[in-house]
Amino acid sequence: MVDHEIPLEPIRRPGEQGTLGSLLWRRRSSRSFAGRSLGLDALASIVWAAQGRTADGHRVCPSAHALYPLTLSVVAGNIDNLAAGVYSYDADHDRLRLITVGDHRDVVAGTTLVDYEWLRQAAALLILTGDIDSADRHFADQPPLGTRGRRYVWLEAGHACQNIYLQAAEAGLGAVLVAGFHDDRLSNLGPKIVPAGHHPLTILGIGHPS
Ligand SMILES: Cc1cc2nc3c(=O)[nH]c(=O)nc-3n(C[C@H](O)[C@H](O)[C@H](O)COP(=O)(O)O)c2cc1C
């Protein structure tokens, strides 16, 4: 006789402190941020979790053909020892590169579909962008011809977002993925938050939860 329903909960190992399982239990979207500044070390851990390199030259996220079509921009507003500004994350050297000075959290939050007031309170906004055209060209021989690459870009962005959530959860920080925004408004913001030729994929707010 074959069982058709096999209950897993009784045999599944509980999410003990320090395990991935416990992080998965704790991961939540946070939409209320305290005004407190975020340490630069916390930001460093989160951007590395999003797109950082590993010892073998790969990155923390899987990438179809190891193409790595994503970039990460950091809209820093309330980070210790980091001037408010827009930075791009240089994954090869694990460092931030200043693009422009000034607090741009308001203008970025203003591109969202609902103009979320709470998003403006996040210590930093992380923006993932993707080179969709290059990916489509790279995977042009895979069906559906000419548009397969973009799927891979979006999938890879999902990996990066979950990594950000989990790294934030590990540090007791809040994170939220906001994918509802006006693409054209975000793309056209002055200070090259979205690099030329890239498509904006996600905004994530991070900070101390209130
Ligand atoms: C693709 C995607 C898009 C999302 N876009 C938004 C958004 O625009 N605004 C928002 O407040 N939350 C957004 N979220 C977060 C979801 O609302 C959230 O994950 C959901 O309410 C479940 O809550 P939890 O993340 O705490 O489990 C998005 C999540 C995903 C996966």
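Counting starts at 1 for both ligands and their atoms, in listed order.
Ring pair Tyr68/His58 is perpendicular by interplanar angle, where above 60° counts as perpendicular and below 30° as parallel.
In this structure, His138 has its ring center no closer than 6.0 Å to that of Tyr152.
The protein residues lying under 4.0 angstrom from ligand 1, judged by non-hydrogen atoms, are Arg27, Arg28, Ser29, Arg31, Tyr116, Trp118, Leu177, Val178, Ala179, Gly180.
Cation-pi geometry between Arg27 and Tyr165 is met: under 6.0 angstrom from the ring centre, within 45 degrees of the axis.
Residues Ser22 and Gln17 have side chains that never bring a donor and an acceptor to within less than 3.5 angstrom of each other.
Using a 4.0 Å cut-off between charged side-chain N and carboxylate O, Arg53 and Asp94 make no salt bridge. Ion pairing between Glu117 and Arg120 holds under the 4.0 Å rule for side-chain N and carboxylate O.
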